[in-house]
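Written out below as structure tokens is the structure these notes cover.
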Amino acid sequence: VQLVSSAFTFIGIIAMMLYLSPLLFVIALVFLVIMIVAVTKIGKQSRKYFRSQQKELGIMNGNIEETVEGLKVVKGFNHEEKIVEEFEACNNNFRKAATNANFFAGIMGPCSTGINNASYATIALAGGLMTLVSGFDIGTYFTFLSYSRQFTQPINQIANQMNTIFSALAGAERV
């Protein structure tokens with residue numbers, strides 16, 4: 001329901017922005033493309049590391065399960081140190097993958113928000129200059145600014161939810 005509602009809102013915002021100022025809309029569109037490219041690149045990295053994280057988690061779980069099942073053999077042959085070293089290696093690999101996955105997941109939201117803020121500032125500057133130089137209506141200017149803030153909001157929402165989706169997909173792939 002939210003996806004359909006967001007799609008209609010997005011289309012309506014585009015129509016109003018084009019009606020109010022095609023020039024300012026082009027600026028907003030350029031920043032939207034930049035945001036989509038950035039979110040896509042970060043998303044690919046995030047997904048890669050979430051897959052790696054799930055793979056390493058599976059290896060670590062297998063290691064733990066084998067150790068617990070074969071505890072008598074480990075104790076009987078005095079392999080405790082070897083088992084600890086194997087677990088530490090599995091744990092370090094998992095930690096690295098999880099750290100990378102969470103890093104890329106964590107920067108997606110601030111990156112898209114930063115691009116959104118740069119877009120708003122550029123549109124505000126261009127619209128202000130148009131108001132001063134060419135007599136662009138100030139009411140239209142503020143209305144356009146309001147729409148420009150809402151224009152990239154669906155992309156921001158998707159970007160913030162992508163990491164949850166990537167994590168879930170990676171877990172499902174592992175199963």
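Apart from L125 itself, the hydrophobic cluster it occupies contains L129, where clustering links Ile, Leu, Val, Met, Phe, Trp and Tyr at side-chain heavy-atom distances under 4.5 Å.
Between atom CG of residue L29 and atom CG of residue L18 there is a gap of 8.5 Å, rounded to the nearest 0.5 Å. Atom CG of L24 sits about 10.5 Å away from atom OG1 of T140, to the nearest 0.5 Å. The line from CD of E65 to CG of N63 is 10.5 Å long, rounded to the nearest 0.5 Å. Of the inter-residue distances, the one linking I123 atom CD1 with R149 atom CZ reads 9.5 Å to the nearest 0.5 angstrom. Between the CD atom of Q150 and the CD1 atom of I13 there is a distance of 4.5 Å, given to the nearest 0.5 Å.
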For L20 and T143, run side-chain contact (heavy atoms from CB on, under 4.5 Å): C-alpha distance rounded to whole Å, both residues' side-chain angles, the deciding distance at 0.1 Å, then the answer.
-> CA-CA 8 Å; L20 293 172; T143 303; 3.7 Å; yes
N116 vs M35, side-chain contact (heavy atoms from CB on, under 4.5 Å): CA-CA, chis, key distance, verdict = CA-CA 8 Å; N116 190 18; M35 183 184 298; 3.8 Å; yes
Exercise. Test Y141 against M130 for side-chain contact (heavy atoms from CB on, under 4.5 Å), laying out the working first.
Key: CA-CA 9 Å; Y141 168 62; M130 286 172 56; over 6 Å; no
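Between S112 and V39, the shortest heavy-atom distance links the atoms CB-CG2, 4.1 Å. Shortest non-hydrogen contact noted between C111 and I42 is SG-CD1, 3.8 Å. Scanning all heavy atoms of the two residues, the minimum distance from A101 to S46 falls at O-OG, 4.1 Å. The nearest pair of heavy atoms linking I27 to A126 is CD1-CB, 3.6 Å. Annotation for F144 and F25: closest pair CZ-N, 3.4 Å, computed over non-hydrogen atoms.
Residue pairs meeting the side chain to side chain donor-acceptor pair (under 3.5 Å) criterion with at least one member in residues 119-130, sequence neighbours excluded, do not occur. Applying the side chain to side chain donor-acceptor pair (under 3.5 Å) definition to pairs two or more places apart or across chains, those involving residues 94-111 are N92-R95. Residue pairs that meet the salt bridge (charged side-chain N to carboxylate O under 4.0 Å, His left out) test with at least one member in residues 32-52, sequence neighbours left out, are R47-E173, R51-E173.
Taking the six-membered ring where the residue is Trp, F151 and F10 present parallel rings, their angle staying beneath 30° rather than reaching 60°.
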Which atom pairs, one a donor and one an acceptor, fall under 3.5 Å between side chains of residues 83-90 and the rest of the protein, sequence neighbours left out?
none

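Within 6.0 Å of atom OH in Y147, 12 or fewer heavy atoms from other residues, nucleotides or ligands are found, so the atom counts as exposed in its surroundings.
If you chain together hydrophobic residues whose side chains sit under 4.5 Å apart, V37 and L32 never meet in one group.
A donor-acceptor contact shorter than 3.5 Å links the side chain of T9 to the backbone of S5.
For T113, the side chain to side chain contact (heavy atoms under 4.5 Å, CB included) test picks out N117, with sequence neighbours left out.
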